[in-house]
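One structure is given below, encoded as C-alpha cells.
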Amino acid sequence: MTAPDTTAPASDATSPDRLTLVDGSGYIFRAYHSLPPMTRPDGTPVNAVYGVTTMLMKLLADMDAEHVAVIFDKGRRTFRNDLHPDYKGHRPDAPEDLVPQFPVIREAVRAFNVACVEMEGFEADDLIATYARQAREKGIAVTVVSSDKDLMQLVGDGVALLDPMKNRPIGPDEVREKFGVGPDKVVDVQALAGDASDNVPGVPGIGVKTAAQLITEYGDLDTLLARAGEIKQPKRRQNLTDFADQARLSRDLVTLRDDVDVPAPLDGFGRKAPEGDALRAFLMDNGFKSLLAKVEGTLIPTPGEDQGAAPDPLAEARAAEAAYTLVQDAETLRAWVAEAQAAGVMAIDTETDALSAMRAGLVGISLAVAPGRACYIPLGHRAAADSGQLDLDGGGGGGTIDPGEAPRQLPLDTCVAGLRDLLRDPGVLKVGHNIKYDLHILARVGLEVTPVDDTMVLSYVLDGTGQGPGGHGLDDLARRHFEHTMIPFKAVCGSGKAQITFDRVPLDQALTYAAEDADYTLRLHRLLKPRLLDERMVAVYETLDRPLVPLLTTMEQAGVKVDPLVLRALSRTFAQRIADLEAEVHRLAGHPFNIGSPKQLATVLFDEMGLESGRKSAKTGAKSTGADVLEDLAAQGHDLPARVLDWRQFAKLKSTYTDALVEDINPDTGRVHTTFGLTGTSTGRLSSNDPNLQNIPIRTEEGRRIRGAFVAEPGHRLISADYSQIELRLVAHVADIKALKDAFHHGADIHAITASRMFGAPVEGMDPMLRRRAKAINFGIIYGISAFGLARQLSIPRGEAQAFIDAYFKEFPEILTYMEATKAEARQHGFVRTLFGRKCWTPGITDKNPNMKGLAERAAINAPIQGGAADIIKRAMIRLPSALTEAGLSARLLLQVHDELILEAPEAEAERTAEVARHVMAGAAALSVPLVVDTGVAPTWADAH
DNA sequence: CGGTTCACG
DNA sequence: GACGTACGTGAACCGT
C-alpha cells in the first residue's frame with residue numbers, strides 16, 4: 001500500500017494539481033510558546049513536538065492536495081548575513097528546552113511520510129518561494145501554510161497563503177489590510193518601513209502606513225527614491241535621500257529568493273499515506289497515546305492491515321473464526337478491558353428492552369477488540385421466555401439456562417465501574433454502529449463514552465444513500481462488504497404477537513447475536529475508515545459529521561418542552577372545525593362519504609358534480625385531488641372543494657401535530673425528544689423523526705399556533721437564530737454570479753433586485769406581482785429550474801415561463817455556466833461535491849429516460865447548494881457549544897431545522913445567547929457574500945421566530 | 001405496503 | 001419533437 005498511485009487521492013480532471021508547502025519553523029516557535037512544558041518519560045521536552053504533531057495531523061486530515069512538503073530553516077546564518085551582518089542579529093538563542101526538540105520534530109514529519117526540506121544558507125521562506133515558483137510553472141496551484149507576513153509577497157496568481165492558527169486564508173485583500181498595498185508591492189513597503197524584529201533597517205521615520213502611501217503614490221521604491229526631492233515634508237525628504245541605499249539593502253533583505261538550487265526536487269513531494277508502524281512507533285515513543293487513537297484508521301490503517309498486499313476483507317472475514325465470550329464475572333471483564341486498552345480501538349454495542357433511545361433500558365453490552373474476538377456482558381436479563389411457545393433456534397430450548405429464574409450476571413454497578421475509565425480513555429477509540437443510540441443508553445447508567453467513531457456515519461459519508469441495495473444498517477453493510485448474513489433480530493426475539501424483548505432472550509443466544517454486532521462493527525470500521533483518505537472524505541467526516549454525533553446526542557437528550565394543555569385546547573378547537581366542515585361538505589355533496597379518501601372525493605367531484613380536473617396523479621393516473629387542483633376549483637366559485645381544503649388543513653394539524661405530539665411527551669422529562677438522522681438524506685442535511693420536529697407548521701395562522709406549545713422552562717427563553725436566504729447566497733458564491741453577489745453585499749431586497757434587472761422596473765415601488773415572479777425564479781434556480789416547473793408554480797403558460805428563464809440567464813449568465821458544469825461533473829463522476837467536499841451521489845444521471853435524467857440533473861444542481869448550506873449550519877453547530885461556554889453562557893442547543901437553530905437559555909442570558917449564536921452562525925463559512933442571521937427571543941417558539 | 005397528500009426547509 | 005417535473009425530507013391515512 002505504499003505505491004503513490006494507490007495512496008495519492010485521484011486527481012480531479014477538472015482542477016489542477018495542488019501543492020501544500022508548510023512553513024515548519026514558524027510552527028515550531030508558535031507551538032513552543034503556546035503549549036505548557038511537557039516531557040516524555042526519558043525527560044526530553046516535547047511540547048513543541050506535540051504542537052507540530054497535532055498540526056500535521058490536522059493539516060493532513062483537512063487538506064486534499066496531491067503534493068505536500070514541510071520546510072525548515074537550517075542554522076542561523078544565511079546569505080542575508082553577507083548583505084547585512086546584523087540581519088536577525090538581535091534574535092535571542094532558542095530556549096534551551098526547545099533545542100533538543102528540533103531533531104525530533106523532523107522525525108515527526110518523516111513519521112507522517114511527508115517530505116521535509118531545509119538548506120544551509122537559506123531561510124525556509126526562500127525555499128518556499130522557489131518551490132512555489134517551480135510549481136506555478138507546471139500549472140500546480142500552491143497553498144503556503146504560514147502566518148509569517150514575510151510570505152505575503154508570494155500571494156496571488158495561483159499561490160494562496162493559509163494562516164494555520166486562525167485557519168483563515170490570506171488573500172490579496174488581507175495583504176492589503178496588513179500592508180496597505182497589493183502583494184506585488186509588499187517588498188517595497190517593507191523596504192521603507194523596515195522590521196525591528198529582523199533588524200531590517202528601512203528608512204527612519206517611515207512606518208507601514210507612510211510607506212504604503214508613498215508606494216501607492218509613486219508606484220515603486222526605485223521611482224520613489226529617484227523622485228524623493230518632490231516630497232513635501234522636509235524631514236521625510238531628507239531621510240529618503242540620505243537612506244536611499246539602506247532602503248535598497250532592506251529590499252534585498254526582505255525579497256525572497258525564488259531561484260535557490262533546492263536540495264530536493266518538487267517531484268518527490270507526492271503525498272503518501274503514513275507507514276502505520278513508523279507513525280505508531282513515533283507516537284508511542286513520545287508518549288502521544290491520545291493522538292494514536294486519532295490517527296488509527298484515519299491516517300493509517302488499523303494494525304495488521306498495512307503491510308504487504310491490500311487487505312482482503314472477505315478473506316479476513318472468512319478467516320477470523322468467531323470466538324465469542326460471555327462475561328459474567330469481574331475477573332473476565334477486567335481481562336477484556338485490558339485487551340481493549342492494549343488494542344486502542346474497540347467496538348461497542350448495547351442491547352436494550354425497547355427501541356426508543358430515550359426510554360429503553362440497558363440489557364447488555366457487547367465489546368469487540370479484534371475481528372472475531374468479541375464478548376457479551378449480560379446485565380438486565382430476566383428469566384428466559386417460556387421456550388415452549390417459541391422455537392427460536394431450532395433447538396427448542398434455552399440451552400443450559402433454567403427458564404425459571406434470572407441468569408447469573410455481573411451487577412450493573414460493578415460493570416459500570418469496570419468500564420468507566422476505558423470508555424472515557426482518550427487513547428482508546430470506541431466504535432459503534434449508530435453509536436448515538438448507545439450513547440443515550442450508556443449515559444443513563446452514568447457512562448461517558450469518548451472518543452467515538454460511527455460506522456453508519458462512515459458508510460454514509462463514503463457511499464451516500466441509495467448506493468447499491470439496502471441502507472446503512474449493520475446487516476446491510478455486513479452483506480454488502482463481507483457477504484455475511486447477520487443473525488436476524490427476529491431469530492432471537494421472534495416477531496409479531498409472539499415477539500419478546502431482549503431481556504427475555506436466553507444468554508447463549510443473546511451472546512451470539514450481540515457479540516456478532518460488535519464484531520462486525522469493528523470489521524466494518526477497519527474496512528471503511530481507511531477509505532476516507534483515499535476518497536478524500538477525511539475532512540467531511542472528521543470536521544462535520546463525526547463531531548455532530550456527540551452533539552446531536554446531547555440535543556436529543558435535552559429535548560424541548562411542550563405544553564400539553566396548549567395542544568389539547570387546539571385539538572378541541574380543530575375537532576369542532578373538522579366536524580362542522582364535514583357536515584357542510586356532506587350537505588354540499590348530497591350524501592356522506594369519507595373526505596379523507598382521495599378516491600371517494602374524486603368520485604364526488606368529477607363524476608357526481610361533473611367538475612373538470614386538470615391533472616392526473618403521477619403513478620396510477622388517478623384523477624388528482626391535490627391542493628392545487630382544489631384551489632383552482634375553489635377559485636372558479638365551487639364551495640365544496642374550498643371546504644375540503646379547510647377540512648384537510650385541520651385534519652392534518654390535528655392528527656399529525658396536536659394529537660400526536662401530546663403522546664410524544666416523555667413522562668420523565670416533560671419534554672419531547674426527537675431523533676436526528678445523520679445518514680438519511682442525499683444532500684447532507686439532517687432529518688428528524690419520532691417525532692419529526694423539522695416540519696412543525698408555521699405557514700398558516702392556525703398551524704402557527706402549534707408552535708405556541710413549544711415553550712421554554714420557567715425563567716428561561718427560547719432563542720431562534722436562522723440564516724437569511726442561505727441557499728441563494730450559496731448560489732451567488734458557488735456560481736460566482738457578480739450581480740447577485742453585489743446585491744447581497746448591499747443588503748438589498750434580493751427578489752426585488754432580481755425583478756428589477758429582469759423586467760427593467762425600478763426597485764422603488766416594485767409591482768408585487770413582478771417581485772413574486774422573481775422570487776419564484778430565484779427558488780427555481782436553486783431547484784434546477786425548468787420551464788414546466790416554473791409555469792406550474794406561477795400558473796402561467798410554459799412559453800412565458802421560458803421567456804422569464806431566458807431573461808434570467810441573460811441578466812445572470814454565470815448561472816448557466818454553473819448548471820452545465822455541475823451536470824458535467826455529475827455525469828463524469830456519478831456524484832457532485834459541496835463547497836466543503838461532501839459527495840452527493842447522482843443516480844440516474846445517465847438514464848435513457850429523459851424524465852429520469854432530467855430529475856437527476858435537477859437534483860445534481862440542487863445538491864451542492866442544499867448540501868453546502870447543510871455543511872455550513874453543521875459547522876456552526878459544532879462551534880456553538882464552546883463559543884457559549886467561552887462567553888460564560890449556559891444555553892443549550894435544542895433543535896436544528898435546516899437553516900435555523902433553537903436554543904434555550906435562562907432569561908438573563910437570552911439576549912447574549914442570541915448574539916453568540918448570530919456571531920457563530922454568520923462566521924461559520926467565509927463566502928464571497930455575507931451570511932446574515934436573524935434572531936428572536938421569546939417564551940415560545942411561535943414568538944421567537 | 002405502495003400511493004396520495006401535506007407539514008417543513 | 002416528444003417526454004411532462006420544480007429540490008430535500010417524515011407522517012398520517014387510504015385501500016389493497
Side-chain angles (χ1 to χ4, degrees), chain A residues 465 593-602 614-630 644-645 647-661 663-664 674-677 680-700 702-704 706-707 722-723 725-728 731 776-794 798 801 805 840 842 844 847-867 869-870 873 895-900 945:
Chain A
T465 48
F593 70 101
N594 185 348
I595 306 173
S597 163
K599 195 177 168 190
Q600 292 182 36
L601 178 61
R615 289 182 44 242
K616 303 229 168 130
S617 81
K619 291 249 163 91
T620 59
K623 288 181 179 173
S624 170
T625 66
D628 48 353
V629 174
L630 299 188
V644 170
L645 281 169
W647 181 92
R648 277 203 184 144
Q649 189 201 167
F650 291 115
K652 177 87 174 181
L653 295 178
K654 182 168 185 290
S655 70
T656 309
Y657 300 103
T658 56
D659 287 351
L661 271 174
E663 300 304 311
D664 288 319
T674 185
T675 299
F676 286 105
T681 69
S682 59
T683 57
R685 270 192 181 178
L686 300 181
S687 62
S688 160
N689 59 53
D690 288 312
N692 183 353
L693 295 185
Q694 290 182 320
N695 71 346
I696 303 301
I698 190 168
R699 291 176 186 169
T700 67
E702 288 86 353
R704 187 183 273 249
I706 293 167
R707 295 198 174 206
D722 68 293
Y723 283 113
Q725 303 281 7
I726 188 167
E727 294 192 347
L728 208 48
V731 169
I777 294 168
N778 277 331
F779 272 100
I781 292 295
I782 292 167
Y783 297 151
I785 201 157
S786 76
F788 268 89
L790 183 62
R792 230 187 101 193
Q793 179 67 28
L794 288 175
R798 146 178 139 224
I805 294 172
C840 303
T842 56
D847 204 300
K848 290 194 307 290
N849 181 337
N851 196 15
M852 297 301 292
K853 187 178 165 183
L855 184 70
E857 286 179 346
R858 290 192 300 276
I861 290 165
N862 172 259
I865 301 164
Q866 191 183 114
I873 197 167
L895 298 176
Q896 187 252 44
V897 192
H898 309 308
D899 65 356
E900 175 188 14
H945 204 281

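In this text, all values refer to a predicted model and were calculated from it rather than measured experimentally. Naming: A, B, ... by sequence-line order, numbering from 1 per chain.
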Exercise. Please state whether the phosphate of B/dC6, meaning OP1 or OP2, lies under 4.0 angstrom from any side-chain nitrogen or oxygen of A/R648.
Key: yes
Exercise. Pick base, sugar-phosphate or nothing for A/S786, based on heavy-atom distances below 4.0 Å to the nucleic acid.
Key: base
Practice problem: State whether A/T620 places a side-chain N or O below 4.0 Å from either non-bridging phosphate oxygen (OP1 or OP2) of B/dG2. | Solution: no
Quiz item: So, is A/S597 close to the C/dG15 phosphate, meaning a side-chain N or O under 4.0 Å from OP1 or OP2?
Solution: yes
Quiz item: Looking across every strand, which nucleic acid part, if any, lies under 4.0 Å from A/Q600 by heavy atom: base, sugar-phosphate, or nothing?
Solution: sugar-phosphate
Quiz item: Reckon A/N849 touches a base, only the sugar-phosphate, or nothing at all at heavy-atom distances under 4.0 Å?
Solution: nothing
Quiz item: Hey, which of these two, A/P598 or A/P850, hits DNA chain C nearer its 5' end, going by closest nucleotide?
Solution: A/P850
Self-check item: Contact nearer the 5' end of DNA chain C, comparing A/N851 with A/G854
Solution: A/N851
Quiz item: Does a nitrogen or oxygen in the side chain of A/S655 sit under 4.0 Å from OP1 or OP2 of C/dA11?
Solution: no
Quiz item: Has A/S682 got a side-chain N or O lying under 4.0 Å from the OP1 or OP2 atom of C/dT9?
Solution: yes
Quiz item: So does A/T625 get a side-chain nitrogen or oxygen closer than 4.0 Å to the phosphate oxygens (OP1/OP2) of B/dT4?
Solution: no
Exercise. Please work out if A/N692 contacts a base, only the sugar-phosphate, or nothing of the nucleic acid, heavy-atom cut-off 4.0 Å.
Key: sugar-phosphate
Quiz item: Can you tell me if the side-chain N/O atoms of A/R858 get under 4.0 Å from OP1 or OP2 in C/dG8?
Solution: no
